[in-house]
Structures are given as C-alpha cells and as structure tokens.
Amino acid sequence: MTEQAPWADAVRGVAARAGLDPSRIAVEPLVDTPANPGGTAEHHAADGRLTLRATDPVAATVALGRYARTHLGTRLTWQRPRVAAPALTDAPRTTVGSPHAVRTYLNVVTFGYSTAFWGWDRWEREIDWMALHGVTHPLMLLGHEAVLAETFRRAGLPSDETARWIGGAAHFPWTFMGGMHSFGGPLPARWEQRRVDLARRVLARMRELGMTPVLPGFGGHVPPALAGPGRMDEIEWQGWRIPLLRPGSARARELQARFGAVQRELLGPGTGWCAVDPYIESVPPSGDVAYLAAAGRDTYAALADAARAAGEPDPVWVLQGWPFHYKAAFWTPDRVAAYLRDVPADRTLVLDLWGEHVPLHDDLLADGRPLAGRPWVWCALHNFGGRPALFGDLAGLVRDVHALRGARRLTGLGLAPEAIENNEVFYELATDLAWDDAPVSPAGLDAWLRSFVLTRYGLSGEAGSRAAHGALRAWHTLSTTLYGPGHTRSVPTPVIARPWGAGLPFPAQRTAGEAVEPAPPTPSSNVDAENDPAVAAALPRLAEAARDLATLRDQLSHQGFAEGADTADADAAELTGHVLAQGTRVRVRGILAAARAGDPDGVRAHMARLRADLLTLDGLAARRPETRLDTWVGAARSWGDTDAERDTLEREARSLVSVWGGQHNGLHDYAGRHWHGLVADLYLPRWQAWADWLAEQAAGGPVPPDADPAPLRERVVALEEEWRGRTRSQ
C-alpha cells in the first residue's frame with residue numbers, strides 16, 4: 001500500500017467539508033524541490049479515486065482546489081464553499097508549484113471589520129479557504145485581548161481598570177496596535193475563556209494544515225498606572241492619547257517578558273513568527289535616530305527573549321511597511337534605517353502592505369535603500385473598512401506580480417485586506433498568482449477570467465449555453481469597468497456620505513490610506529473624492545450586466561442548479577446595489593440645486609426620489625443574510641450570556657459600522673455598508689434631516705453654501721447616537 005502523508009487526514013477533512021467523499025481520496029508525500037520553495041503538489045484521478053501528492057498539506061489542498069475547479073466544475077470560494085457534483089471524474093496527472101515560500105493573509109483590523117464575532121463554524125470555513133488558496137502564514141489575533149488583560153492583571157493592574165482599558169470587542173484591534181484604548185465594553189464575563197478556547201482550536205487546525213500562524217507581540221502600550229512616573233512616552237491617534245513604555249526600560253522588559261509567558265501559557269508554544277507595530281499610524285515620541293534605533297532593537301529583543309525563555313529559537317519579527325507610507329513626512333530614510341539598524345536582517349519580514357497601489361519596495365527594500373537586504377512580502381491591501389465597493393485592477397495585479405520575479409529578497413506574496421468576503425474575483429486571482437499555473441499576459445488573464453466565470457456558476461460543462469453566454473457578457477463588462485486597468489481604489493458609495501452642511505458631501509470625503517489630520521475633523525470617510533466622470537458613464541452598461549446576472553440566476557434556478565443560482569443572485573444583488581447607489585448622486589445634486597434656487601418644494605421632490613432609491617436598496621439588501629444588519633448584530637449578541645452583555649456587544653457592533661468611535665474622530669462611516677438596517681434606518685434618516693433643513697432654509701430664499709449648519713449637525717449627531725444605542729432587548 002502506498003504511504004499516506006502524516007497530514008493526510010487534515011487534507012481529507014477539507015475535502016469532506018467541501019462535499020467530497022474523503023474515503024476515496026489518497027494523500028501522499030512528495031519530495032520537496034528547490035525550484036518551488038513554496039511547495040509542489042500534483043493530482044490525478046481514475047476509477048472514482050483522487051490522488052493528491054504534495055510536499056506539504058497546504059500545497060496538497062491547493063491541488064485539491066485545482067482539481068475541483070478543472071474537473072468538478074466548481075471554484076471553491078467564500079460564496080460557494082462546496083462542490084456541486086461530488087462524483088470524482090478522471091483527471092490526468094497535473095502539477096502545480098509555488099516560488100513563494102511565504103504567503104501571508106489578513107490584516108490586524110480584519111479582526112474588527114470582519115471576524116470580530118465569528119464562532120468556530122465560521123473560522124473553520126475560513127481556515128479551509130486559506131488552505132485551498134495557499135495561505136502559509138495567517139495573522140492570528142484571536143484571543144490576544146485575553147493575553148493582554150492577564151498580563152496587566154499579573155502586573156498589578158486591578159481587574160476593573162484592566163477591563164476598562166481593553167474596551168470592547170470589535171475595536172480591540174486598534175487597542176492592540178496602540179491606536180486607542182478604553183472604548184466600548186466591558187466584555188462579557190466569559191469572553192476571555194471562550195475566546196481562548198476558540199483561539200486554541202483555530203491554532204490547532206491551522207497547524208494541522210501546515211500553516212505557521214503569525215502571533216501578536218507586545219508593543220509597549222499600557223495604562224499609565226502600569227508605566228509609572230517618568231517611565232513612559234505618549235503617542236496619539238484619532239484623538240486618543242496612548243502611553244508608551246520607554247524602549248529598554250526595566251518596566252518595558254518586565255512587561256514584555258510577562259506578556260510572552262502569558263501568551264504561551266494561554267495559547268501554546270510560539271510559532272516563530274511575531275507581528276508587532278508600535279507606531280502603526282502614530283508619530284513616534286521622538287525623531288532622534290538613537291531613540292528609534294533603541295525602539296527597534298528593544299522590540300525585537302523582547303520577542304527573542306520570550307522565545308529563548310520558552311526554549312524556542314529566535315523568532316521572525318513581521319512588521320508592516322504601512323507607517324513609512326502613512327506618516328512619510330516623519331519616516332525619512334535615515335529614520336527608517338535607524339529603526340531596524342540593530343535588528344538581525346534574517347529575523348525580520350517586511351510587509352509591503354499596499355503593493356497594488358503604493359508599492360514601497362523600490363523606495364525601501366531595493367539595493368542602497370534603508371531596508372535593503374531584508375526579506376519582504378508584496379501584499380495587496382485592496383479593501384478599506386468593508387465598505388461596499390466593486391473594484392480591483394485585475395490586469396495590474398497580473399502585471400505587478402509578474403514583474404516581481406527575481407526581485408531581491410522577495411520571500412512571498414500576501415493579502416492584507418481590512419475586511420474580507422468581498423470582490424471574490426480579486427482575491428481568487430491574487431491567490432492564484434502565487435502559483436506557477438497563473439496567468440502572465442493579457443491573453444492568459446482573459447482565459448483565467450473565462451474559467452473563473454464558468455466555474456463560479458457551475459457552467460463549465462455548458463460553455464456554449466445561453467446561460468454561459470450571458471454570464472460571460474456580464475463579466476466582460478465588469479472586467480473592463482469596475483475591474484479594469486487603474487482601478488486600484490474603490491468608487492465611493494454616496495449613500496454613506498455624511499450630510500454635514502449646505503454643500504455636496506462627496507468632495508469632502510477623504511482618500512483611503514492617507515493620514516487623517518487631527519483638525520479639522522473630517523465629515524465623512526469614504527474612499528476617494530468624487531472626481532471620476534467614468535463612474536456615471538459606466539452605469540448604463542453595469543445596469544445591463546446586472547440584468548444579465550439576474551437572468552442567469554433565474555435560468556440556473558429553473559434548471560435546478562441551486563448553488564450557481566445563489567451565487568448569481570448574490571452577484572446580481574451586489575451589482576444592482578452599486579448602480580442604485582451611484583445613481584443617488586443625481587438625487588443629492590438635485591436637492592442641493594433646488595435649495596440654491598430657494599425652491600423648498602423642489603428640495604422635497606428630489607428627496608422623495610432619493611427616499612425611493614434608498615428604500616429599494618435597503619429591500620435588495622434584505623434578501624441576503626450577508627447584507628443584513630441583523631446577521632452582524634446576531635453574531636455579536638451570541639457572545640453574551642445576559643441581556644446586559646448582549647446589549648453592550650450590540651452597541652459595539654453598531655458603533656463600528658456607523659459612527660465608529662467618538663463624534664469628533666475622522667472615521668465616521670469608515671466601515672459603512674449597504675446593509676438592510678443601515679440604509680433605511682440610518683442613512684435615509686440622515687439624508688431626510690439634510691433635506692428637511694435645506695427645505696426650511698429655502699423657504700426664506702436661496703440657501704448659500706455657508707448657511708449655518710449647526711442645527712443640521714445637532715440633528716445628525718442625535719440620529720447617529722440614537723441608532724447606535726438601539727438594542728434588540730429594548
């Protein structure tokens with residue numbers, strides 16, 4: 001009998017959860033090859049049996065996914081995680097390999113915007129997705145709040161002060177990064193134990209599948225009581241002021257050692273990879289190069305000391321290049337170089353976090369640059385806050401990744417989205433590009449996209465059918481508009497723009513990825529200003545594509561292809577939502593034009609049209625669980641044991657997708673969504689308040705741009721606070 005790989009059961013478990021019969025799948029080891037440091041795998045099938053041979057479990061699972069799409073007609077995605085036809089058809093021997101040894105996944109803030117309230121069932125599906133898409137080094141922040149809280153308690157901070165500092169659930173990633181503290185909460189009484197139990201289970205499954213989770217390190221952000229007088233500095237983010245232990249101080253070394261011990265006690269041995277970014281979006285307390293060198297040196301020393309104390313090898317410090325872009329005025333080349341000067345080059349991994357839009361490797365990592373000689377990973381960030389946006393430069397993604405071949409010290413590729421379960425075509429292509437069967441040319445991309453469309457809807461065996469023709473026509477439109485060249489940032493949705501005065505709110509929206517200055521406060525936080533006439537020009541074509549997808553849904557449903565019909569329904573709903581939302585710009589401009597003309601009846605008439613559009617959008621969102629506020633709120637409330645705990649969690653969940661934090665930060669609506677329960681219950685009342693205010697002003701004559709907005713703003717704030725304070729138990 002042929003030898004089975006020691007991790008065969010883990011790979012067969014993924015297959016079983018995808019709807020295949022694991023008893024008919026053999027998983028065998030394959031000798032590693034220098035040509036593919038990221039792994040090699042092959043698959044073949046005969047007589048109703050599938051054989052996978054691979055160097056590691058992730059590569060084997062990638063081969064499983066390749067087989068499913070090429071011979072079972074199903075691409076396994078977030079939207080469609082199970083095969084439609086589980087019978088194992090014959091397939092010739094096919095090999096796939098990756099030149100990228102490290103394939104990272106997730107952003108710190110994904111643990112707020114997407115995964116904050118997931119339980120095991122959802123995490124299990126995501127780990128399967130990671131394996132099928134070749135992820136080797138996922139970030140794992142789950143349970144970190146429990147580690148931090150226990151560290152503080154053992155250091156002498158009272159439990160109530162610890163709980164207050166940790167704050168709420170969805171905003172904790174920003175507490176971890178040293179961006180904020182003491183917001184929301186308190187967490188439920190059983191939260192820490194439940195999260196630690198879940199984290200252990202998630203870590204165990206990741207390890208079973210051959211992944212190396214990247215665990216958090218301690219950044220030195222502490223309550224003042226733990227720092228003591230004269231032993232701390234301070235940084236600022238979005239109005240929060242955060243104490244920071246001085247590099248190399250006795251207190252810093254003590255707490256860093258305690259943190260490492262607690263993390264291993266609660267979550268198990270280290271993985272050899274640690275993520276910590278003490279100044280992610282804040283200016284360090286000092287620009288002196290000696291201070292920065294000490295900060296970098298002592299951060300790594302703390303990680304290494306904790307590992308050595310546990311009998312583990314010195315770890316790799318995984319750090320983001322993001323601060324060097326976000327606060328570029330501070331991070332001059334000499335300061336960047338000083339920060340890592342005393343940290344071993346081979347013990348760092350720099351993430352070029354927004355590589356598809358603002359690549360930093362040429363400026364930072366190339367020969368002669370501040371971080372030359374350090375291993376790095378090219379990442380696509382793509383999504384900010386989980387806002388509703390269909391976008392992504394597919395051709396640019398192929399071009400950029402292909403251009404990286406042979407780049408010095410490039411260790412791998414990564415995905416660092418702020419939120420997930422969106423724009424599946426972008427993430428499917430990005431993960432495919434890590435392997436040697438990926439497209440490298442425009443013609444290759446066309447072929448890849450054709451395969452993507454047919455396997456997405458289960459049409460591989462009916463490529464000549466009317467249904468397939470309609471699907472391909474719709475996606476040709478999408479690939480030449482929303483996913484066309486240059487679309488590295490999203491088109492903002494005007495629906496979630498915050499009306500804040502007697503002018504259009506759209507131009508005031510800040511650009512994503514750019515620093516938000518502390519004053520004046522930003523009235524809204526969509527991505528990009530309204531400056532692209534192609535957005536409106538594309539709407540008729542996109543509306544036609546949405547109709548094609550709706551027709552496809554009906555055809556597949558009539559033919560009994562439930563899985564394909566459901567995917568087509570989700571795509572049609574999302575694209576229709578985009579067209580509806582972008583069309584509301586005309587209504588908003590009409591309201592303002594009528595106000596400028598002193599026409600209150602015109603204001604009300606245009607508002608009636610806007611109301612109808614928003615109610616239609618809300619009704620569309622109500623049809624699907626993933627676009628209902630109740631789904632998000634229900635997940636949050638499931639972590640509470642009492643009505644009081646559940647209500648606190650609900651307020652936290654509502655806050656993140658609306659006001660975000662306090663009323664005077666720059667992140668209002670940063671994570672706004674086209675969700676049923678948000679559109680009709682928050683955005684519509686805000687627009688109505690704006691129109692009512694303008695109509696009142698217009699009754700006295702033309703409304704000037706500088707009309708006093710104080711009454712409007714008071715009403716908007718009241719609406720927002722009332723909405724985020726609602727709970728199901730009221």
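FYI, side chains are in, hydrogens and waters are out, and symmetry mates aren't considered; it's all heavy atoms of this structure. If you read the sequence from its start, that first residue is 1, and numbering goes on from there.
- At least one donor-acceptor pair under 3.5 Å links the side chain of Ser441 to the backbone N or O of Gly444.
- Under the 3.5 Å distance criterion, the side-chain polar atoms of Ser114 are left unmatched by any main-chain donor or acceptor of Ala419.
- Both the sub-6.0 Å distance and the 45° axial angle are satisfied by Arg673 relative to the ring of Trp675.
- Taking the side chain to side chain donor-acceptor pair (under 3.5 Å) definition, one finds that Arg541 meets it with Thr480, sequence neighbours left out.
- The side-chain contact (heavy atoms from CB on, under 4.5 Å) test applied to Ala438 returns Leu433, not counting sequence neighbours.
- Salt bridge absent: Glu650 and Arg646 never bring a charged side-chain N and a carboxylate O closer than 4.0 Å.
- Of the possible polar contacts, none joining the Asp352 side chain to the Trp378 backbone as a donor-acceptor pair under 3.5 Å is found.
- Partners of Gln263 by side chain to side chain donor-acceptor pair (under 3.5 Å), not counting sequence neighbours: none found.
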Counting only pairs under 3.5 Å, give me each side-chain donor-acceptor contact of residues 51-59, with atom names and distances, residues two or more places apart or in other chains.
unit_1	atom_1	unit_2	atom_2	d
Arg53	NH1	Glu42	OE2	2.9
Thr55	OG1	Thr40	N	3.1
Thr55	OG1	Thr40	O	3.4
Asp56	OD1	Val58	N	3.1
Asp56	OD1	Ala59	N	2.8

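- Qualifying side-chain contact (heavy atoms from CB on, under 4.5 Å) partners for Pro29, counting only residues two or more places apart in sequence or in other chains: Glu3, Ala5.
- At a threshold of 4.0 Å, the pair Asp618-Arg623 does not count as salt-bridged, since none of the basic side-chain nitrogens sits closer than that to a carboxylate oxygen.
- The existence of a salt bridge linking Arg69 and Asp432 is confirmed by a sub-4.0 Å separation between a basic side-chain nitrogen and an acidic carboxylate oxygen.
- Under the 3.5 Å distance criterion, the side-chain polar atoms of Asn422 are left unmatched by any main-chain donor or acceptor of Asn383.
- Both tests hold for Arg195 against Trp639: distance to the six-membered ring centre under 6.0 Å, angle to the ring axis within 45°.
- Taking the charged nitrogens against the carboxylate oxygens, Arg122 and Glu421 do have a contact shorter than 4.0 Å, which makes a salt bridge.
- A salt bridge between Arg12 and Asp9 is present, with a side-chain N of the basic residue lying under 4.0 Å from a carboxylate O of the acidic one.
- Arg125 contributes no side-chain N or O that, together with a main-chain N or O of Trp120, makes up a donor-acceptor pair within less than 3.5 Å.
- Shown here are the side-chain contact (heavy atoms from CB on, under 4.5 Å) partners of Ala434, two or more places apart in sequence or in another chain: Ser98, His100, Arg103, Leu413.
- Look at Asp47 and Arg24 and you find no salt bridge, because none of the NZ, NE, NH1 or NH2 atoms lies under 4.0 Å from a carboxylate O.
- Partners of Asp548 under the salt bridge (Lys or Arg N to Asp or Glu O under 4.0 Å) rule, at least two apart in sequence or in another chain, are Arg473.
- More than 12 heavy atoms of other shown residues, nucleotides or ligands fall within 6.0 angstrom of atom CZ in Arg49.
- The backbone N or O of His133 lies less than 3.5 Å from no partner atom in the side chain of Thr431, so there is not a single donor-acceptor pair.
- Here salt bridge (charged side-chain N to carboxylate O under 4.0 Å, His left out) pairs that include residues 80-91, with residues two or more places apart or in two chains, number zero.
- The ring pair (Phe, Tyr, Trp, His ring centres under 6.0 Å) pairs that include a residue from residues 22-44 are His43-Tyr67, where partners are two or more places apart or lie in different chains.
- With Leu139 as the fixed residue, the side-chain contact (heavy atoms from CB on, under 4.5 Å) test singles out one of Leu351, Thr104, Val108: Val108.
- Between Trp191 and Phe117, the angle of the ring planes goes over 60°, which puts this pair in the perpendicular group of the 30/60° scheme.
- Between the side chain of Thr74 and the main chain of Ala84, a donor-acceptor pair closer than 3.5 Å is present.
- Panel note: side chain Thr94, backbone Pro92; a donor-acceptor pair is recorded below 3.5 Å.
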Taking only distance into account, with no hydrogens and no angle test, what donor-acceptor pairs under 3.5 Å do side-chain atoms of residues 551-558 form with protein atoms, sequence neighbours excluded?
unit_1	atom_1	unit_2	atom_2	d
Thr551	OG1	Arg547	O	3.0
Arg553	NH1	Asp569	OD1	3.2

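- Among residues two or more places apart in sequence or in another chain, the side chain to side chain donor-acceptor pair (under 3.5 Å) test is passed with Asp446 by none.
- A salt bridge links Glu312 and Arg264; the closest N-O separation between the charged side-chain nitrogens and carboxylate oxygens is under 4.0 Å.
- Using modelled atom types, one side-chain atom of Asp436 and one backbone atom of Gly97 make a donor-acceptor pair closer than 3.5 Å.
- Under the rule for a side-chain contact (heavy atoms from CB on, under 4.5 Å), the partners of Asp630 that lie at least two apart in sequence or sit in another chain are Arg728.
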